[in-house]
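See below for the structure under consideration.
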Amino acid sequence: MTRRILVTSALPYANGHLHIGHLVEYLQTDIWVRFQKMRGERCIYVCADDTHGTSIMIRARQEGRSEQELIDDMSRAHQQDFAEFGIEFDNFGSTNSESNRKLCGEVWSALRQAGLVEERSVTQLFDAKEGVFLADRFVVGTCPKCESKEQYGDHCEKCLSTYSPMDLKDPVSTLSGTKPEVRSAPHLFVKIESLHSFLDEWTSTGDHLQPEMANYLKGHFLSDELRDWDISRPAPYFGFEIPDAPGNYWYVWFDAPIGYVASTQDWCDAQGEKLDDWWRSEDTEIFHFIGKDILYFHALFWPSMLKTAGFSLPRRVQVHGFLTVDGEKMSKSRGTFIMARTYLDHLDPAYLRYYYASRLGPKVVDIDLDLEDFQNKINSDLVGKVVNIASRSAKFVQRGHLSETYPDDGGLFQAGAEAGNEIAKAYDDCDYAKAMRLVMGLADRANGYVDEKKPWTLKKDPEKAGEVRDMCSVALNLYRQIVVYLTPVLPELSNDSANLLGASFDAWQDAGTPLVGTAVNEFKHLMKRVDPKKVQAILENSKTAAEDVADHQAVGKPTEDDGGPLEAEPLAAECTIDDFTKVDLRVARVVSAEHVPKANKLLQLRVSLGGGVERTVFAGIKKAYEPEALVGRLVVVVANLRAREMKFGTSEGMVTAAGPGGAEVFLLSPDSGAKPGQRVH
RNA sequence: GGGCCUGUAGCUCAAUCGGUCAGAGCACCCGGCUCAUAACCGGGCUGUUGCUGGUUCGAACCCAGCCGGGCCUACCA
């Protein structure tokens, strides 16, 4: 029986462009959807831009244009990137749509009727100049516990304590640089505790979640009373105004998942389908693909909302890990913060599709893009093995025909057809790595076959032309079988190969029956080897592109340094040259650097000032730098700073760096030629 | 501090719910071949399956402890 399946990926936020980390999810989903469609299932893939929230409002304001313009531009850019990566949605909508507003209203009414909504006053910091309430990340001040300066609204990165933004000393809004005031406003809360037992049940049964995720929820949230969910935001806010609470807006995380339904609605309207067949039907399976960071919303709030509003619950929420590049978090300074666009400018999307597929399994683990491995894998698997089968056999029969009956191949084709079941199961289980392994095994056997038959020898004997043709018919059929199995991952290769053989490659069952008698067209290269120079170029371009594009800057605007940093940290009071010279800044060389056990942010550095003078310095740069990358480089240290006792030892100085903290830390270094021990004047 | 995950050949990973495997691919070495995008075929190489104990007739797979790595949390997620 044909399954009916509705698939979603998380909605990309309209605040920034896509990078290769985002693509893990969209490619994972796209491959799965293509697979289901090939199998003949009724499957649609819907998504949308996530457009609401304070961040969008503020960014639009900074860019001096309307939110609508901003999100329209971003939506176009997102869809362009998706299309070029071969990610095919049946519908790509927007959360800022009428269909979404209407559906939000429906869900809302249901929540109201169920008696789950409650009003309560919330006290928050308010930026009077900008006229907005400030989320924690928009406030900095002095930590009330340890007096560290420039800490964010809700926690101190120095002493690790947490607190309310209201307790912050000398708070400053990062938006306007002014001192925020304390204001209260009514907020609406959803009491989801009443759905606790439902959520216990739903999360732990029915294979709705990967076991580790179910386990995580059980230990973290479901073990206690569920806190009420603050679901409204007072004006000004970019979003939908709540009909029965004028002046208040639905929090972006309320309307975002409803965007899945709205996007489906838009698709239904265009196709003449009924929404209820997809969202209120026992016969439809709903699959959400998400990253591990948003599990909370999809596995607790979302099912609660759906249940209350009478929609179907997801059949499964499939969670994936994050992407690292060369074993580390994507980093702008290393050039590994690669935007989708930058990749597309240099390399074939098929490479990344295959590489991700070869590393994606069903478990929630981070996957690594190892650039050397990437090149090896593409070159040897796709070019050396798969495409090679066609490359080495098609030429013997091109502009001719395949044999009229399928020759004896010693059971190779049949074995490949049987392997299809196992491969299909691997796809269906989201274990693409396994599927790729199995397919490559088939490719190895096909190459072995060609080698054994030696068409280049047979060819020399005119009487053996029939044998050559039979042998190539086998090889090309094995090739076709393999490419059919790879079609979800490599649709373009599949198309090109179909042209070569003048046959369909887009149904899974095509792998079960050999082609006979069809014409073979002229052979053209189906895929190129990876050019290492292009990979280097991506890294180079990403170093600069990341600064221009990835930051909350410029949608198609020229680079312009924004005022954010200066506003976040206004200039200090005037000082004299004498004040300045009290601080002795010196060039130093890092001689060793290592992780500090149990420290979240610190690295322990040993720096040399030359002449055998060394200092031990603890620096809060762990999230931004790997120790190995630091050894040998020159830095600038405050050399006459009083030694400070820290939890992990004594720090005899300070390494200078810029940036707000966390992963956004940028060490200062002198231009080449400077020597350790030299003073900075 | 709490929680989750993880530690298998140089690298990336496999080993059906403890009973032939200690394996595959890449890399490397040797040989072969020349149809193919320096591709392909054959062969070889490295492992005390993190360490230490325990359970068992038997453990890479179970339990405990230790060491190492990663991730998530720490009261409006």
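OP1 or OP2 of B:U6 lies within a sub-4.0 Å distance of a side-chain N or O belonging to A:Lys363.
Searching all strands for a Watson-Crick or G-U wobble partner of B:C26 with both distances below 3.5 Å returns B:G10. Taking a pair to require two hydrogen-bonding distances under 3.5 Å in either a Watson-Crick or a G-U wobble arrangement, B:C71 pairs with B:G3. B:U37 is unpaired under the Watson-Crick or G-U wobble criterion, no partner having all donor-acceptor distances under 3.5 Å. Applying the Watson-Crick and G-U wobble criteria (two distances, each under 3.5 Å), B:C57 pairs with B:G19.
Residue contacts for A:Met440: at a heavy-atom cut-off of 4.0 Å it reaches no nucleic acid atom on any strand shown. Counting non-hydrogen atoms under 4.0 angstrom, A:Ile294 reaches nothing in the nucleic acid. Heavy atoms of A:Arg529 sit under 4.0 angstrom from at least one base atom. Among the atoms of the strands shown, none is found under 4.0 Å from any heavy atom of A:Val364.
Between A:Trp108 and A:Phe254, the ring planes are perpendicular. Angles over 60° get that label, and only those under 30° would be called parallel. Ring-plane geometry between A:Tyr351 and A:Phe374 is classed as perpendicular, the angle between the planes exceeding 60 degrees on a 0 to 90 degree scale with a lower cut at 30.
Rounded to an integer number of Å, the gap from A:Asn388 CG to B:C40 P is 6 Å. Rounded to a whole Å, the CZ atom of A:Arg445 is 17 Å from the P atom of B:C40. In this structure, CG of A:Asp431 is placed 13 Å from P of B:U16, rounded to the nearest angstrom. Regarding A:Asn379, its CG atom lies at a distance of 16 Å from the C1' atom of B:U12, rounded to whole Å. Residue A:Asp370 contributes atom CG, which lies 13 Å from atom C1' of B:G10 at whole-angstrom precision. The distance from atom OH of A:Tyr355 to atom C1' of B:C13 is 11 Å, rounded to the nearest whole Å. Rounded to an integer number of Å, the gap from A:Leu458 CG to B:U34 C1' is 14 Å. Atom CG in A:Leu217 sits roughly 12 Å away from atom C1' in B:G3 (whole-Å rounding).
Rounded to whole Å, the P atom of B:A15 lies 38 Å from the corresponding atom of B:A36. Taking atom C1' on both nucleotides, B:A60 is separated from B:G1 by 33 Å, rounded to a whole Å. When the C1' atom is used for both B:C29 and B:G69, the distance is 32 Å, rounded to whole Å. Comparing the C1' positions of B:A14 and B:U49 gives an interatomic distance of 12 Å, to the nearest angstrom.
Here the side chain of A:Arg359 is nearest to one of B:C5, B:U12, B:C41, namely B:U12. For A:Lys292, whose side chain is taken as the heavy atoms from C-beta onward, the closest listed nucleotide among B:C71, B:C40, B:C76 is B:C71. Checking B:C76, B:A36, B:C26 against every side-chain atom of A:Asn376, the shortest atom distance belongs to B:C26. Closest to the side chain of A:Arg392, out of B:C40, B:U37, B:C5, is B:C40. When distances are taken from the side chain of A:Asp366 to each of B:U37, B:C76, B:C71, the shortest belongs to B:C71. Closest approach to the A:Asp451 side chain among B:A27, B:C40, B:C4 is made by B:C40 (side chain taken as heavy atoms from C-beta onward). Of the candidates B:A27, B:C5, B:U37, B:C5 carries the atom nearest the A:Asn215 side chain, counting heavy atoms from C-beta on. Relative to the side chain of A:Trp456, the nucleotides B:A36, B:U34, B:C76 differ in distance, and B:U34 lies closest.
Side-chain N or O atoms of A:Glu25 include one that pairs as donor or acceptor with a backbone N or O of A:Ala10 at under 3.5 Å. Remark: the backbone N or O of A:Leu371 is paired with a side-chain donor or acceptor of A:Asp326 at under 3.5 angstrom. Side-chain atoms of A:His22 come within 3.5 Å of backbone atoms of A:His19 as a donor-acceptor pair (strictly under, hydrogens ignored).
Where A:Phe523 and A:Lys460 meet RNA chain B, the nucleotide closest to each residue was compared, and A:Lys460 sits on the side nearer the 5' end. Between A:Lys395 and A:Tyr251, the residue anchored closer to the 5' end of RNA chain B is A:Lys395, taking for each the nucleotide with the nearest heavy atom.
No side-chain N or O of A:Arg445 forms a donor-acceptor pair with one of A:Tyr449 less than 3.5 Å apart. Side-chain contact check for A:His52 and A:Tyr13: no donor-acceptor pair (N or O, by modelled atom type) lies under 3.5 Å.
The aromatic ring centroids of A:His320 and A:Phe289 lie 6.0 Å or more from each other.
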Strictly under 3.5 Å: I want the nitrogen or oxygen pairs between protein and nucleotides 22-25 of chain B, one per line.
residue : atom : partner  : partner atom : Å
B:G25   : O3'  : A:Lys385 : NZ           : 3.3

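A:Gln398 CD: more than 12 foreign heavy atoms inside a 6.0 Å radius.
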